[in-house]
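Naming: A, B, ... by sequence-line order, numbering from 1 per chain. Just so you know, these numbers use all the heavy atoms, side chains as well, and skip hydrogens, waters and symmetry mates.
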Amino acid sequence: MQQQGAGVFQPVNTNVRFPALEEEILAWWRENQIVEKSLAAGDQPFVFYEGPPTANGRPGFHHIISRSFKDIILRFRAMQGYRVIGRREGWDTHGLPVEIEVEKQLGFSGKPDIERYGIAAFNAKCRESVWNYIQEWRRFSERIAFWLDPNDAYITYENRYIESLWWVFAQLWQRDLLFRDYKVTMHCPRCGTSLSDHEVSLGFKDGVDDPSVWVRFRHLPAPADPPYAAQHPLAERLADASFVAWTTTPWTLPANAALAVNPDAEYVLVEYAPDADTPTEQLVLAAALVQQVLGEHATVRHRFRGRELVGLRYVPLFQGVGSAGEAVDLRNAYRVLADDFVSLEDGTGIVHIAPAYGDLEIGKRYGLPTLFSVDLNGKTLATYNDLGFGELFFKEADPLIARHLKERGLMLKTGRVSHAYPFCWRCSTPLLYYAKPSWYIRTTAKKQELINHNQAIHWVPEHIRDGRFGNWLENNIDWAVSRERYWGTPLPLWTNEDGSHIECIGSVAELEAKVGRSLQDLDLHRPYVDDVTWNDPQHGLMRRIPDVADCWFDSGAMQVAQWHYPFANQSQFAQAHPADYICEAVDQTRGWFYTLHAIGTLLFDAPAFTNVICLGHILDEHGQKMSKSRGNIIEPWGVFEQYGVDALRWNLFAASPPGNPRRFSLKQVDETLRQFMLTLWNTYGFLVTYANLDGWQPSPELARGTAPLHPAELPLIDRWALASLNKLVQEVTMSLEAYEVTPAARAIEQFVDELSNWYVRRNRRRFWKSEADADKHAAYTTLYTCLVTVTKLIAPFAPFVSEAIYRNLVVAADPAAPESVHLARFPTVQPALLDEQLVMDTAVLLRVVSLGRAARKQANLKVRQPLGEVWVRATPSEMQGLQRFEDDLRDELNVKQVRYVEADTSFVNYRCKPNLRVVGKKYGKQVPAITAALAALDNDTARAVARAVEAGLPFNLPLGATTLELAPTEVLVEATSPDGYAVAESDGALVALNTTITPDLRREGLARELVRNVQDARKTAGLDISDRIALYVAVVGNGDHAAEQTLMQDVVQVWGEYIRNETLATRLELGALPDVAHTESVDLDVATVQIGIVRVS
RNA sequence: GGGCGUAUAGCUCAGCUGGUUAGAGCGCAAUCCUGAUAAGAUUGAGGUCCCUAGUUCGAGUCUAGGUACGCCCA
């Protein structure tokens, strides 16, 4: 045996500060290039796609969650021996967010400012600005131990990336999946561009205050003209009537082209006057809405079906204006049409149709002209200057238009409405529905494929697949992919002057061939790419269309573009599609999850990813969204510095399932730290302290985990620990392979708790004892194996603390071991060590111990006071299992004898209940009668039943007029509380303590009490664990001094050796205390004594 | 208005295919234990398992309707 203190392990600081420890580990990783080594390791590929963040903002608290959940799976797979592909940084660099940032910086307020400034200079600014926070992101990722390769980042603005995107566009073009169409888009007048649906969805605001106007459209009994052959049959009846239509967007009224009714709904002609002073007028609207719109003052004169109204004409509110340079065909305008989309839920049942601003589909269907009232800057047309509302922002024009109509007597009623309205998600400008030429990806053509491939994706949580995401796919619409902006991937579409000929270019080489010169030095961005033109002999000068791509297209196409596929890395790509794993927050269902999936499906007819963890949003401790305006943001670095990253990560993994919105508070991290991290750390510290003291060290084989363990040769509790450990390995592996992180973390917590509070507590003496025998070695081996295995299990969760423990426990003992836990192999199950029965039996033991303590508590009996006997009653199999642990049970409950209650044990009675699981299925409606009959059994019969059940025999239960034969498995027998015992029971188990304290037990109790107080005194006296003492005890007396003196003499006589051994006392004297002693007064219940201790060398 | 999700102790969460006294941790109170422990044990207080109806011998669990909250969409 080696000398004390000459241990192989570094001493463990039990006052560890985890943040400082983590910094040390970070430095060590850097020095030894552990990240690089980990990235390069493994054989079978495991493919990950990094969803690229935009680096023009600071990383926030929510990024810790997504990055941690990404990281844990990658570490786990890496430890399983996979080579993780795609473990690289990715940066989303294009798009409106970046442009907005630069615009702000330059004090711009829209596209005209940018054009004046120059696109080249503007884009240069954009290119710079995306790297504003890159250092902070890298520092952040490194600190939370999210291991990505920073030297192999994919960057969406690079030429090679853009070239791949061009290839994607060309593929889509060739397959007729890319097309141009006039469609209504959500247009931001400030940004001057259409927004995609997912962008629009980001900017809906509730409770927006808007005007609400009911307008008269005066019926025009016009002469018959084509396409209507004759005067409308209702023309005469409605001669003086007005149609009433409702809108919340008065600014669209000048663009009105038609009114729509529901063909099947009932409409009425009413006579209406709001009060006696107002002349009555005739109005037409839906019958169902008369009350709501006009109240009580309307009298119905006629009723019609909606379809009867078709073709009626009305007086236009304004002279219609078409788009610039185009003749307007008003032949079909200003008529009533009927369509199913018209709802009767609000409004008047008559819908004002403005094709340019939202009703383009209807307009097309009925041949309506597309009329305009507002231009792309959101300003009303100059045409309306004369009417007093020209060249105004559309929202500002609203009241003026309303006033104008009122003056003309066309406004029936005005009000305000509070509803949801879309705003630009970046600049908060209200959006316009606007019919514009746009480029679309025809995702609807592959709708069924999108849906089918989604079925192959494993979603966590599962409900996203057929819920949120599945629904989104079911309602798929074509993807508006063009943006009339500057800083983005230029659409590779060239067209001639009149737009009659379009070519889609799929590579730089192809473009070079067109223009006949090298473009190797060309920046593929605007404005440079716009200057690339060529003359087509047939079609004339070919110019690029000005649009750039939706930046969601950039990130969705990362599955090909990150490799510069197909221009390079073809074999790499072949391995790296689809991704085995991605992970982002739930807001990406319509963002990145969708664009990845859409591009994967359209391009390869395959899913782009097969497993995805979809994270809920982070909320503060009150369930409020974290936001700067609320001031409830948690600053990540503060948490790192206070608690460390491991505690934070662990909390995020274990506290609640990741799919739910997550309430977060620092209190939780603090709890995780104390509850889990410190428990583990202290257990580890315990092992190291004693191993060093004893000079115990693991063999290299044991350190490596290859030393065979023979359970049959080990004490039961060691076998339990190892069985439990292997069960844990099994559970954790299965959970992580199913991408279920939380159950894995919770199982580990449970094990660490039991290891510390059962295994170590029960076995302390095996580590303390002086003889270095096989039993001691077994204890060290067991605890060591548990700790090393747990360390590897938690490595993906808590990369720092696991590294610290691993370095000390393993690398120190086995020079051939991998230098980092993250280069080690994830533990695998050793089936020979599994023992389900043993694990179950131990669970029973723990339950019975807990009941015994409860019983002691009730009777107010300290555990230190030994008792004579405990009676235990449980199921026969439980009691059988318990017998294996009788020593532990005696020890834990401090009783001399464990006895088992059997059917014949006279001092308990029995009550019987049906075993519902069994009986319920078999007897159904008879259950209540059986329950009653069993409960009504008298004591003797119940005992007879107990006896039968114990013997495994059926018995007869009288039930009304008949008798029922019940099998022993169909009934549960419980013992009732006997008198004179301290009893606790739960779940059918009963523990009864005999509370009689004999003089012998009393003396032993006093001895133990004395020992504990001496140990306390040793501690206060500042003695070392191994110091020897002389111990003096003087009876002070608080009652009958002589009797107390006698009692203590007896104690010292009977238990003197025990007391000396426990307290390392070389002598023990009852009498006066010497002056030199450290003294303390101790109340031993039946006697008060002074104890004095003196250190002897 | 529609879709998805959530609702269990003061807080954070378990509760498997319906079954016997609904659990854990934290927090609070009290007691105890402790020479690894910043820990631990026990007890107590604290629950109309959101509400209503239904299915069933039996519902926290299944069904329907409703309420509240969150997210997404209109």
Side-chain angles (χ1 to χ4, degrees), chain A residues 12 14-16 197-198 200-202 204 343 345-346 419-420 422 461 463-464 466-472 474-475 585-587 589-590 616-617 619 621 623-625 651 654-657 659-665 667-668 670-690 742-743 746 749-750 753 756-758 760-761 764 767-768 849-858 860-864 892 913-921 923-931 972 974 984-988 1012 1015-1016 1018-1019 1023-1026 1064:
Chain A
V12 174
T14 48
N15 286 318
V16 63
D197 295 298
H198 24 269
V200 172
S201 72
L202 294 171
F204 263 87
S343 99
E345 280 178 13
D346 50 23
H419 63 162
H463 62 76
I464 305 279
D466 295 324
R468 191 171 290 201
F469 196 67
N471 255 307
W472 170 244
E474 288 289 344
N475 299 315
V586 64
D587 53 321
T589 25
R590 285 144 203 253
H617 288 126
L619 308 174
E621 56 189 316
Q624 298 276 304
K625 213 179 197 171
N651 175 259
S656 64
N660 291 352
R662 174 185 299 274
R663 286 195 185 195
F664 180 86
S665 73
K667 273 198 304 202
Q668 291 178 33
D670 189 63
E671 189 183 320
T672 302
L673 180 73
R674 289 185 291 113
Q675 196 81 17
F676 175 70
M677 302 279 292
L678 285 173
T679 305
L680 176 66
W681 190 259
N682 287 322
T683 308
Y684 156 64
F686 174 88
L687 174 79
V688 166
T689 304
Y690 283 94
T742 303
R746 287 178 176 170
E749 282 180 345
Q750 169 85 20
D753 182 68
S756 169
N757 290 313
W758 183 251
V760 172
R761 186 164 66 74
R764 261 186 296 225
F767 295 93
W768 290 346
V849 165
S850 159
L851 284 172
R853 291 221 183 93
R856 271 188 173 270
K857 172 77 183 175
Q858 260 175 46
N860 202 16
L861 291 163
K862 295 180 180 180
V863 177
R864 254 196 310 274
E892 279 290 306
K913 300 195 292 192
N915 185 358
L916 286 172
R917 268 180 203 265
V918 185
V919 170
K921 286 206 172 61
Y923 294 103
K925 295 197 178 189
Q926 282 179 283
V927 167
I930 295 172
T931 307
L972 299 171
E974 287 177 7
E985 55 182 318
S986 102
D987 295 324
R1012 199 190 82 72
Q1015 304 290 32
D1016 238 24
R1018 285 181 58 114
K1019 217 176 183 176
L1023 296 187
D1024 201 67
I1025 301 174
S1026 51
L1064 298 185

Legend entry - Residue whose nearest RNA chain B nucleotide is more 5′ - A/Q1015 or A/Q668: A/Q668

Are any protein N/O atoms closer than 3.5 Å to N/O atoms in nucleotides 57-65 of chain B? If there are, list each pair with its distance.
from   : atom 1 : to     : atom 2 : distance (Å)
B/rC57 : N1     : A/G924 : O      : 3.2
B/rC57 : N4     : A/G920 : O      : 3.3

For nucleotides [N] and [M], find the distance between their [atom1] atoms and express it as a whole number of Å.
N: B/rA7; M: B/rC13; atom1: C1'; answer: 13 Å
N: B/rG15; M: B/rC72; atom1: P; answer: 26 Å
N: B/rG18; M: B/rG58; atom1: C1'; answer: 8 Å
N: B/rG66; M: B/rG47; atom1: C1'; answer: 23 Å
N: B/rG60; M: B/rC71; atom1: C1'; answer: 25 Å
N: B/rA59; M: B/rC51; atom1: C1'; answer: 15 Å
N: B/rG46; M: B/rA22; atom1: C1'; answer: 14 Å
N: B/rG23; M: B/rG19; atom1: P; answer: 14 Å

Inset, instruction - Have a look at A/P914 and say if it touches a base, only the backbone sugar-phosphate, or nothing, with a 4.0 Å heavy-atom cut-off. - result: base

Inset, instruction - Give A/I930 one of three labels, base, sugar-phosphate or nothing, depending on what nucleic acid heavy atoms sit under 4.0 Å from its own. - result: nothing

Inset, instruction - Return yes if the base of B/rG35 and the side-chain atoms of A/R1018 contain a donor-acceptor N/O pair under 3.5 Å, otherwise no. - result: yes

Legend entry - Presence of donor-acceptor pair under 3.5 Å, side chain of A/R856 and base of B/rC32: no

Inset, instruction - Tell me which nucleotide among B/rC16, B/rU21, B/rC13 gets nearest to the side chain of A/R746. - result: B/rC13

Legend entry - Side chain of A/N915 (C-beta onward), nearest among B/rU20, B/rC13, B/rU34: B/rU20

Can you tell me the pairing partner of [N] across any strand shown, Watson-Crick or G-U wobble, with both distances under 3.5 angstrom?
N: B/rA59; value: none
N: B/rG46; value: none
N: B/rG35; value: none
N: B/rC11; value: B/rG25

Legend entry - Donor-acceptor pair, side chain of A/D753 and main chain of A/E749, under 3.5 angstrom: no

Inset, instruction - Classify the angle between the aromatic ring planes of A/Y690 and A/F686 as parallel (below 30°), tilted (30 to 60°) or perpendicular (above 60°). - result: tilted

In whole angstrom, give the distance that lies between atom [atom1] of [X] and atom [atom2] of [N].
X: A/N660; N: B/rU8; atom1: CG; atom2: P; answer: 12 Å
X: A/E892; N: B/rC32; atom1: CD; atom2: P; answer: 19 Å
X: A/E671; N: B/rA24; atom1: CD; atom2: C1'; answer: 11 Å
X: A/N471; N: B/rA74; atom1: CG; atom2: P; answer: 13 Å

Got a list of protein N/O to nucleotides 36-43 of chain B N/O distances below 3.5 Å?
from   : atom 1 : to     : atom 2 : distance (Å)
B/rA36 : OP1    : A/R764 : NH1    : 3.4
B/rA36 : OP2    : A/Y690 : OH     : 2.9
B/rA36 : OP2    : A/W768 : NE1    : 3.1
B/rA36 : N6     : A/S756 : O      : 3.1
B/rA36 : N1     : A/S756 : OG     : 3.1
B/rA36 : N3     : A/N682 : O      : 3.1
B/rU37 : O2'    : A/N682 : ND2    : 3.0
B/rU37 : O4     : A/R764 : NH1    : 3.2
B/rA38 : N7     : A/T14  : O      : 3.2
B/rA38 : N6     : A/N15  : O      : 3.2
B/rA38 : N6     : A/V16  : O      : 3.1
B/rA39 : OP1    : A/R674 : NH1    : 3.4
B/rG40 : OP1    : A/Q675 : NE2    : 3.4
B/rA41 : O2'    : A/R853 : NH1    : 3.1
B/rU42 : OP1    : A/S850 : OG     : 3.2

To the nearest 0.5 Å, how far apart are [atom1] in [X] and [atom2] in [Y]?
X: A/L851; Y: A/R856; atom1: CG; atom2: CZ; value: 14.0 Å
X: A/K925; Y: A/I930; atom1: NZ; atom2: CD1; value: 14.0 Å
X: A/N682; Y: A/T689; atom1: CG; atom2: OG1; value: 9.5 Å

Legend entry - A/T589 and A/W472: CA distance, side-chain angles, deciding distance, side chain to side chain contact (heavy atoms under 4.5 Å, CB included) verdict: CA-CA 8 Å; A/T589 25; A/W472 170 244; over 6 Å; no

Inset, instruction - Sequence neighbours left out, what passes salt bridge (Lys or Arg N to Asp or Glu O under 4.0 Å) with A/R761? Give chain and number order. - result: A/E892

Inset, instruction - Evaluate the side-chain proximity of A/N651 to A/F664: yes if any heavy-atom separation is below 4.5 Å, no if none is. - result: yes

